[in-house]
Amino acid sequence: MLFGFVDLLFWPLCLASTCAAAAAEKLEIEFYSVPEKKKDMGIIERIKEIEAEMARTQKNKATEYHLGQLKAKIAKLRTQLLEPPKGSSGGGDGFEVTKFGHGRVALIGFPSVGKSTLLTMLTGTHSEAASYEFTTLTCIPGIIHYNDTKIQLLDLPGIIEGASEGKGRGRQVIAVAKSSDLVLMVLDASKSEGHRQILTKELEAVGLRLNKRPPQIYFRKKKTGGISFNSTLPLTHVDEKLCYQILHEYKIHNAEVLFREDATVDDLIDVIEGNRKYIKCVYVYNKIDVIGIDDVDKLARQPNSVVISCNLKLNLDRLLSKMWEEMGLVRVYTKPQGQQPDFSDPVVLSADRGGCSVEDFCNHIHRSLIKDVKYVLVWGISARHYPQHCGLSHALQDEDVVQIVKKKEKEEGGRGRFKSHSTAPARISDREKKAPLKT
């Protein structure tokens, strides 16, 4: 009786200890096999903590060094967030789209702003469009035939706020945008201007710089010698002490830094990171048929902006011409010697894909052609007179006509009666014997 009473008394304690041991074992397993999502969440939380600290810090002369260090820490954490997990093969669930044509344009925007309808109207490729959000779940490519060129247009899924942190397949969408020559940011003209700022912030968080050029800062790591800091003009945003602190945050103690412009702290961090992508962007405001003419005029006057209406097919030709202007494609026609130029199939060059010089034109045709070029005859806008003899460094412009003159093979020993040696065989036995005369 007493034994049963004691057993009944200690049974809940045994059960509690067993549950606690199982929970501890489970916790230990989860601790030693931390998934990558939990790791990413830790980095995201640290980024948010640093951003909150920056928001609390007053901006003045005394705190600019502290703010510069915080910006460098955020940049390092965001780079870690974009890196693939260690031990992975590198393959992921991204959008596999083969590059095609002479240029690539990506459509980026919030859900239900008209990206799929715009792709269908410009390329003829069917992309499902509906009245609900997230109709497009993968990347749908199309081809625009414009000015004798082929431009690949990509319809990407809509991205939401927090895409840089991986929400809504945001990383895959932004990765495709990084490989594009131009970004069309499709916006709803009836919504607030905050959408444009949110998208710009998300793209800049992953290293995309819209409508900016690389900063004129020379940076090179060294093995020894410490940090060498120089500038060719007075600096107002960065001084030597701040530059040292940012480099020490990256554990760089030997480097050479030269400022050729009055750059900011963010520009210096971008140069140190070295993984930034500077890309052109056109802001496309769709659904202008639902707002007033004054609002349309205000949006159309903003820089790098085009207003359209896919529903009424308004201003689509202006959008195509703006795309052509921003991409900077150069069409060059070939002319064989003694024949008419071939205007059916141009050679398309661009500054972002190799360059637009005569040397780039020759390399585009064949790598071995440049060794045989004697000079080039050019007709068109870039020529001062028709035709102009040009060298390999001549910069070509749109719709130029080019004729390549090759070097002729030199004949050894001169020509005709000036030959220094005879073509007759060296031995008498090798000479051709004439047929005997018929008598």
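We use all heavy atoms of the structure for the numbers below, so side chains are in, but hydrogens, waters and symmetry mates are not. Please read these numbers as outputs of a predicted model, since none were measured by experiment.
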(message) Is the shortest side-chain heavy-atom distance between Leu210 and Met185 below 4.5 Å?
(response) yes
(message) Is it true that, when you exclude Lys406 itself, more than 12 heavy atoms of the residues, nucleotides or ligands shown sit nearer than 6.0 Å to its NZ?
(response) no
(message) For Arg209, run the salt bridge (Lys or Arg N to Asp or Glu O under 4.0 Å) check against Asp270, Asp267, Asp266 and tell me which one passes.
(response) Asp270
(request) Check step by step if side-chain contact (heavy atoms from CB on, under 4.5 Å) holds for Glu256 and Phe219. (result) CA-CA 6 Å; Glu256 186 178 349; Phe219 172 76; over 6 Å; no
(message) Keeping Ser305 on the side-chain end and Pro303 on the backbone end, is there a donor-acceptor pair under 3.5 Å?
(response) yes
(request) For Cys281 and Asn211, work out which heavy atoms get closest and say how close. (result) N-OD1, 2.9 Å
(message) Check this for me: does any side-chain nitrogen of one of Lys298 and Asp294 sit under 4.0 Å from a carboxylate oxygen of the other?
(response) no
(message) Counting only heavy atoms not in Lys222 (residues, nucleotides, ligands), do more than 12 fall under 6.0 Å from its NZ?
(response) yes
(message) Tell me if a side-chain donor or acceptor on Asp360 pairs with a main-chain N or O of Cys356 at a distance below 3.5 Å.
(response) yes
(message) Under a 4.0 Å threshold between the charged nitrogen and the carboxylate oxygen, would Asp398 count as salt-bridged to Arg331?
(response) yes
(message) Would Ile308 and Ile288 count as a side-chain contact (heavy atoms from CB on, under 4.5 Å) here? Give the steps.
(response) CA-CA 6 Å; Ile308 64 168; Ile288 60 172; 5.7 Å; no
(request) Please name the pair of heavy atoms, one in Leu208 and one in Ala177, separated by the smallest distance, quoted to 0.1 Å. (result) CD1-CB, 4.3 Å
(request) Determine whether more than 12 heavy atoms belonging to other residues, nucleotides or ligands lie under 6.0 Å from atom NZ of Lys73. (result) no
(message) Does either side chain, that of Glu53 or that of His66, offer a donor lying less than 3.5 Å from an acceptor on the other one?
(response) yes
(request) Given side-chain contact (heavy atoms from CB on, under 4.5 Å), test His364 with Leu349 step by step and report yes or no. (result) CA-CA 8 Å; His364 194 278; Leu349 308 173; 4.1 Å; yes
(message) Using a 6.0 Å cut-off, check whether atom CZ of Arg220 has over 12 heavy atoms from anything other than its own residue.
(response) yes
(request) Test the Arg196-Tyr283 pair against the cation-pi criterion, namely NZ or CZ under 6.0 angstrom from the six-membered ring centroid and within 45° of the ring axis. (result) yes
(message) Using a 3.5 Å distance criterion without hydrogens, assess whether the side chain of Gln388 forms a donor-acceptor pair with backbone atoms of Arg384.
(response) yes
(message) Under a 3.5 Å threshold, yes or no: a donor from one side chain and an acceptor from the other, between Tyr65 and Gln69?
(response) no
(request) Assess the side chains of Asp262 and Thr236: does a donor N or O sit below 3.5 Å from an acceptor N or O? (result) yes
(request) Answer yes or no: is there a donor N or O on one side and an acceptor on the other, between the side chain of Asn147 and the main chain of Thr149, under 3.5 Å? (result) no
(request) Would you check if Val265 and Val238 make a side-chain contact, meaning some heavy-atom pair closer than 4.5 Å? (result) yes
(request) State, with a plain yes or no, whether a side-chain heavy atom of Asn254 is found less than 4.5 Å away from one of Ile252. (result) no
(request) Calculate, to the nearest 0.5 Å, the distance between atoms CG and NZ belonging to Leu247 and Lys221 respectively. (result) 9.5 Å
(message) Side chains of Thr123 and Ile143, heavy atoms from C-beta outward: is any pair under 4.5 Å?
(response) no
(request) With rounding to the nearest 0.5 Å, note down the distance linking CZ in Phe361 to CG in Leu396. (result) 7.5 Å
(message) Under 3.5 Å, is there a donor on one side chain and an acceptor on the other for Asp352 and Ser350?
(response) no
(message) Let me confirm one number: the CD-CD1 distance from Glu249 to Ile269, rounded to the nearest 0.5 Å.
(response) 9.5 Å
(message) Between Asp181 and Arg353 (salt bridge meaning N to carboxylate O under 4.0 Å), is one present in this structure?
(response) yes
(message) Please list all pairs meeting ring pair (Phe, Tyr, Trp, His ring centres under 6.0 Å) that have one or both residues in residues 248-269, counting only residues at least two apart or in different chains.
(response) Phe229-Phe259, His248-His253
(request) Take Asn311 and Ser309, measure what side chain to side chain donor-acceptor pair (under 3.5 Å) needs, and give me the verdict at the end. (result) CA-CA 5 Å; Asn311 186 25; Ser309 173; 5.6 Å; no
(message) How close do Val271 and Pro215 get, counting heavy atoms only, and between which atoms?
(response) CG2-CG, 3.5 Å
(message) For the backbone of Gly114 and the side chain of Thr117, can you confirm whether one donor and one acceptor N or O come within less than 3.5 Å of each other?
(response) no
(request) Could you tell me whether the side chain of Lys335 reaches within less than 4.5 Å of the side chain of Trp379, counting heavy atoms only? (result) yes
(request) Establish, from distance only, whether the side-chain atoms of Ser116 and Asp155 form a donor-acceptor pair under 3.5 Å. (result) yes
(request) Answer yes or no: is there a side-chain heavy-atom contact under 4.5 Å between Ile272 and Ile246? (result) yes
(message) Would Arg104 and Leu154 count as a side-chain contact (heavy atoms from CB on, under 4.5 Å) here? Give the steps.
(response) CA-CA 8 Å; Arg104 171 181 275 197; Leu154 302 179; 3.7 Å; yes
(request) Answer yes or no: is there a side-chain heavy-atom contact under 4.5 Å between Gln152 and Val105? (result) no
(message) Donor-acceptor pair, distance only, cut-off 3.5 Å: does the side chain of Asp372 make one with the backbone of Leu369?
(response) no
(request) Search all heavy atoms of Leu299 against all heavy atoms of Ala189 and return the closest pair with its distance. (result) CD1-CB, 3.9 Å
(request) Scan Lys212, Arg276, Lys277 and name whichever one has a salt bridge (Lys or Arg N to Asp or Glu O under 4.0 Å) with Glu204. (result) Lys212
(request) Quick one: closest heavy-atom pair of Val373 and Lys407, and the distance? (result) O-CE, 3.4 Å
(message) Working to the nearest 0.5 angstrom, can you tell me the gap between Lys150 NZ and Phe100 CZ?
(response) 4.5 Å
(request) Flag the pair Ile404 / Val358 as yes when at least one side-chain heavy-atom distance between them is below 4.5 Å, and no otherwise. (result) no
(request) Calculate, to the nearest 0.5 Å, the distance between atoms CD1 and CG belonging to Ile370 and Asn363 respectively. (result) 5.0 Å
(request) Keeping the roles fixed (side chain from Asn315, backbone from Val307), state whether a donor-acceptor pair exists under 3.5 Å. (result) yes
(message) Would you say His394 and Ser382 are linked by a side-chain donor-acceptor pair, where the criterion is simply a distance under 3.5 Å?
(response) yes
(message) Any carboxylate oxygen within less than 4.0 angstrom of a Lys/Arg side-chain nitrogen, looking at Arg213 and Glu261?
(response) yes
(request) List in chain and number order the residues that pass salt bridge (Lys or Arg N to Asp or Glu O under 4.0 Å) with Arg367, two or more places apart in sequence or in another chain; answer none if no residue qualifies. (result) none
(request) Could you tell me which non-hydrogen atom of Leu312 sits nearest to which non-hydrogen atom of Asp289, and how far apart they are? (result) CD1-CB, 3.6 Å
(request) Hey, could you give me the CG/CG distance between Leu182 and Leu184, rounded to the nearest 0.5 Å? (result) 5.0 Å
(request) For the pair Lys201 (side chain) and Ala205 (backbone), establish whether a donor and an acceptor sit closer than 3.5 Å, ignoring hydrogens and angles. (result) no
